[in-house]
Amino acid sequence: MAALFSVSIFVGAALLFLVEPMFARMVLPLLGGAPAVWNTCVVFYQAALFAGYLYAHLTSQYLSLRIQAVVHVVLLLCAAVVLPLAIGADARPPAGSHPSAWVLLMLLTTVGPPFVVLAATGPLFQRWLSVLQRGKSQGPYWLYAASNLGSLLALLSYPFVIEPLLGLRAQSRAWAAAYAAFVLLTAACAAVLWMRNGALDALGPVASDGPASAGASSDTRSWLGARLRWLGLAAVPAMLMLSVTTFISVDIAAIPLLWVVPLALYLVTLVIAFADTQVIPAWLVRLVFPLGVIGTIALVLADTAAPMRYAVVGHMGCFGIIALACHLQLAAQKPAPAHLTEYFLWVSAGGAIGGIFNTLVAPQLFVTPIEYPLAAIGACLLFPAIKPWPERWPQRAVAIAVTTLPLLLVVGLTAAVRRFGGHVPDSGV
């Protein structure tokens with residue numbers, strides 16, 4: 001049963017991340033590969049992911065498990081009406097205007113319906129399995145790692161395997177065939193629910209699987225604080241992923257398919273964070289986390305001071321460190337399975353907010369890409385202090401100075417090198 005659900009989640013996630021580069025390939029001849037176009041697509045995908053998670057949460061709250069299964073299969077069949085995916089030959093973006101609105105319309109009318117329903121698969125199937133395996137020590141969150149692993153493999157296979165071997169029309173038909181296979185897998189999972197005894201319906205739509213962590217606190221302040229932390233820990237990596245993609249593409253070098261690298265790093269950190277076994281010790285990530293923040297600020301200030309290859313590696317490394325630290329903290333705060341769909345709803349909301357801020361809000365507020373270092377600094381606010389702050393202000397001032405002086409020193413030296421470094425050769429030194 002666990003194998004059936006894990007394979008279904010893996011396939012659903014792979015379909016999600018195969019459709020993203022495939023749609024990009026469809027609009028590439030019409031719009032080109034500007035970072036703003038890709039960031040608009042990412043915002044739509046994050047918003048559609050939130051819509052799918054909201055549907056999963058609401059159905060798990062108000063419908064019995066058997067009804068949930070029927071509704072999900074029906075919605076999968078209804079979403080298939082747009083398949084195979086294609087953009088009309090006469091579809092053209094309006095001349096002289098920003099293409100974002102046109103891209104969003106194309107996304108909504110082509111990949112939108114199947115994407116939203118597929119997005120709900122992860123939390124919905126995890127919730128089903130947690131009820132079916134009630135009483136077992138192993139929780140369902142490892143399936144989230146399997147989901148992101150499927151997304152990662154699909155993302156990497158597209159430019160290196162699928163794109164060289166298949167034309168765009170063949171890709172669309174193959175994706176539709178894989179979608180049909182996924183519908184059959186979902187029907188098999190639904191059949192498992194129906195074959196269980198009547199106790200499943202007796203559990204009700206919001207069956208309790210045990211005490212939740214921070215999610216079940218009766219104190220309103222603690223309840224809200226836990227959810228805002230979920231929101232922030234999901235938003236910061238999403239903001240950084242878009243920021244590093246735009247910054248490198250615009251300020252360093254326009255490299256084809258560069259967006260694949262930060263997105264792949266983003267998925268890798270999620271796989272590591274939610275895996276059953278601890279691949280990288282959390283203490284080690286906490287130790288290098290400040291270096292990721294300081295390195296990001298230094299690289300932004302001195303983006304032209306280093307050779308391109310070193311700058312790109314530096315940006316990616318710092319982003320990976322901060323994203324992994326945030327996702328490990330996010331995984332450490334996951335609640336009991338009874339609150340699983342709500343947890344992932346807040347996580348998806350954080351990703352959507354981060355994407356919307358970077359793509360739509362930041363360009364209107366900032367002339368320079370200041371949202372990039374701000375997101376890195378903002379990550380510091382999401383981590384609890386390793387030791388409590390001293391109660392007395394003199395000792396507290398010393399603690400603040402010790403934690404901030406290295407950051408200020410690196411920032412100051414980097415700014416000085418960038419400002420005056422170009423004059424050193426002229427002095428003859």
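For the residue pair Q171 and Y158, a side-chain donor N or O sits within less than 3.5 Å of a side-chain acceptor on the partner. Y372 and H315 are linked by a side-chain donor-acceptor pair at a separation below 3.5 angstrom, with hydrogens and angles left out of the test.
Sparse packing is recorded around CZ of F160, with 12 or fewer heavy atoms of other residues, nucleotides or ligands lying under 6.0 Å away.
Relative orientation of the Y179 and F182 rings is tilted, given thresholds of 30° and 60° on the angle between their planes.
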- request: Go through L233 and Q333 one step at a time and tell me if the side chain to side chain contact (heavy atoms under 4.5 Å, CB included) criterion holds.
  value: CA-CA 10 Å; L233 289 169; Q333 298 182 15; 4.1 Å; yes
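One distance of note links OH of Y53 with OG1 of T121; it measures 9.5 Å at 0.5 Å rounding. Atom CD1 of I321 and atom CG of L324 lie 9.0 Å apart (nearest 0.5 Å). Separation of atoms CZ (F319) and CG (L265) is listed at 6.0 Å; rounding is to 0.5 Å.
Contact check for P84 versus W175: no side-chain heavy atoms found under the 4.5 Å cut-off. For the pair R227/E342, a side-chain contact is recorded, criterion being any heavy-atom separation below 4.5 Å from C-beta on. The side-chain heavy atoms of L153 and F17, taken from C-beta on, include no pair separated by under 4.5 Å. Within the 4.5 Å cutoff, the side chain of M106 has no heavy atoms near those of the V111 side chain. W346 has its side chain out of reach of L330: every pair of non-hydrogen atoms, C-beta onward, lies at least 4.5 Å apart. Side-chain contact between W128 and Q68: present, with at least one pair of heavy atoms (C-beta onward) separated by less than 4.5 Å. Looking at heavy atoms from C-beta onward, F23 lies in side-chain contact with I87 at the 4.5 angstrom threshold.
Between the side chain of S6 and the backbone N or O of A3, at least one donor-acceptor pair lies under 3.5 Å. At distances below 3.5 Å, at least one donor-acceptor pair connects side-chain atoms of Y141 with backbone N or O atoms of P335. With S172 contributing its side chain and L85 its backbone, the two residues share a donor-acceptor pair below 3.5 Å.
Between F344 and H57, a ring centre-to-centre spacing not shorter than 6.0 Å is recorded. Taking the six-membered ring for Trp and the full ring otherwise, the centers of W230 and Y343 sit less than 6.0 Å from each other.
A salt bridge (charged side-chain N to carboxylate O under 4.0 Å, His left out) check over residues 154-163, counting only residues at least two apart or in different chains, returns the pairs R25-E163.
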Name every donor-acceptor pair, under 3.5 Å, that has one atom in a side chain of residues 42-49 and the other anywhere in the protein, sequence neighbours excluded.
unit_1: Q46; atom_1: NE2; unit_2: G351; atom_2: O; d: 3.3

